[in-house]
Amino acid sequence: MGQPKLSIKLSNEERLGSKALKAAFLSELYHIIIVARASDNLEWLPAEYEEESLLKRSQVLICEEADFGISYSLRFGLGTAKLLKADAIVVMLADQPFITSEMINKLIGEFYKNPAVDYIASGDAGRKKPPILWNRSLFPRLAILGGDEGARSILLSTDYYGIVVDESLGYRFLDADTLEDLEKIKSVQKQL
């Protein structure tokens, strides 16, 4: 894309990566772990990040191996979550600008109702998509993911029990993997 995608400006000078992070800040998440690449200048972090209350419940981790695949970033953040003795983690992607705090809170609410479930995924017409809440029971399995595998293999496995919380607005799941994706995001942003 010619520049780090999370720093790309959307309308109103807001950067792509800041929107999902703002949703996390507004949610009921107890602690927020931001995993970034070593080459990331972090200019996409929203101005609100400097507020003392947010600094106390969040931290930026630089993952030297992030370029080797998403599993490296996931494992890196997971290590910190384990140290914090987290009961669960919510994995989000910073290039999904239309994720809302309400979506995150629904996952957390379902977890309180169903604490034995292995995962709770957001759903787009039944298809499991991030953000996804992972129960502590799956931490060992997440810790052995490799390369760019991500957690799709877990979601497709019948060895684990999960719940899907459908979101009625499919555009919420748009992510910026290509220039075409980015243009679609900008188009939707203008309509909101």
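Annotation: side-chain hydrogen bond (donor to acceptor under 3.5 Å, both in side chains) contacts of Lys85 (sequence neighbours excluded): none.
Closest approach of Gly126 to Val164, counting heavy atoms only: O-CG1, 4.3 Å. Across all non-hydrogen atoms, the minimal contact from Asp181 to Ala176 is CB-CA, 3.9 Å. The heavy-atom pair separating Leu145 from Leu74 by the smallest distance is CD1-CD2, 3.6 Å. Annotation for Leu29 and Ala24: closest pair CD1-CB, 4.0 Å, computed over non-hydrogen atoms. Summarising the geometry of Asp166 relative to Ala125, their closest heavy-atom pair is OD1-N, 3.3 Å, with the distance given to 0.1 Å. The nearest pair of heavy atoms linking Ile99 to Ala23 is O-CB, 3.4 Å.
The residues Glu167 and Lys129 are annotated as not salt-bridged, no charged nitrogen and carboxylate oxygen being separated by less than 4.0 angstrom. A salt bridge links Lys5 with Asp177: the distance from a Lys NZ or Arg NE/NH1/NH2 to an Asp or Glu carboxylate oxygen falls below 4.0 Å.
Taken to the nearest 0.5 Å, the CD1 atom of Ile185 stands 5.5 Å off from the CG atom of Leu16. Here the CG-OG distance, from Leu182 to Ser187, works out to 11.0 Å after rounding to the nearest 0.5 Å. Remark: Lys19 NZ to Asp95 CG distance equals 13.5 Å, nearest 0.5 Å. Here the OH-CG distance, from Tyr160 to Leu155, works out to 11.0 Å after rounding to the nearest 0.5 Å. In this structure, Thr80 OG1 and His31 NE2 are separated by 7.5 Å, a value rounded to the nearest 0.5 Å. Rounding to the nearest 0.5 angstrom, the gap separating the CD atom in Glu50 from the CG atom in Leu45 is 8.0 Å.
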Can you list, pair by pair, the side-chain donor-acceptor contacts under 3.5 Å of residues 61-70, counting residues two or more places apart and other chains?
residue: Asp67; atom: OD1; partner: Arg37; partner atom: NH1; Å: 2.3

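Under the 4.5 Å side-chain heavy-atom criterion for Ile, Leu, Val, Met, Phe, Trp and Tyr, Ile132 and Phe76 are members of distinct hydrophobic clusters. Connection of Met92 to Leu6 is established within a shared hydrophobic cluster, with ILVMFWY side chains joined at heavy-atom distances below 4.5 Å, either directly or through further cluster members. Residues Leu26 and Tyr49 do not share a hydrophobic cluster, clusters being chains of Ile/Leu/Val/Met/Phe/Trp/Tyr side chains in contact below 4.5 Å. A continuous path of Ile, Leu, Val, Met, Phe, Trp and Tyr side chains, each step under 4.5 Å between heavy atoms, connects Ile108 with Val165, placing both in one hydrophobic cluster. With hydrophobic clusters built from ILVMFWY side chains whose heavy atoms lie under 4.5 angstrom apart, Leu156 does not share a cluster with Ile163.
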Assess the residue pair Glu110 and Lys113 against the criterion (side chain to side chain contact (heavy atoms under 4.5 Å, CB included)); give the C-alpha distance rounded to whole Å, side-chain angles, the decisive distance to 0.1 Å, and a yes or no. CA-CA 5 Å; Glu110 282 297 320; Lys113 290 186 230 172; 3.4 Å; yes

Could you walk me through whether Tyr119 and Lys128 pass the side chain to side chain contact (heavy atoms under 4.5 Å, CB included) check? CA-CA 10 Å; Tyr119 65 84; Lys128 301 167 190 167; 2.9 Å; yes

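The shortest distance between side-chain heavy atoms of Leu21 and Phe25 falls below 4.5 Å. Residues Leu78 and Trp134 are not in side-chain contact: their nearest non-hydrogen atoms beyond the backbone lie 4.5 Å or more apart. Phe111 has its side chain within reach of Asn135: a pair of non-hydrogen atoms, C-beta onward, lies under 4.5 Å apart. Using a 4.5 Å heavy-atom threshold, the side chains of Ser122 and Leu107 count as touching. Here the side chains of Arg57 and Tyr30 are not in contact, with every heavy-atom distance at 4.5 Å or above. Between Leu169 and Phe98 the shortest side-chain heavy-atom distance does not fall below 4.5 Å. In this structure the side chain of Val91 never reaches within 4.5 angstrom of the side chain of Leu142, judged on heavy atoms. The shortest side-chain heavy-atom distance between Ser18 and Leu10 does not fall under the 4.5 Å cut-off.
The backbone N or O of Gly162 sits nowhere less than 3.5 Å from a side-chain atom of Asp118 that would complete a donor-acceptor pair. Side chain of Arg136 to backbone of Asp87: no donor-acceptor contact under 3.5 angstrom is found. A distance-only check finds no donor-acceptor pair linking the side chain of Asn105 to the backbone of Ser27 [under 3.5 Å].
No cation-pi contact links Arg141 to Phe139, judged by a cut-off of 6.0 Å to the six-membered ring centre and 45° from its axis.
Residue Lys184 qualifies as open at atom NZ: its count of foreign heavy atoms under 6.0 Å is 12 or below.
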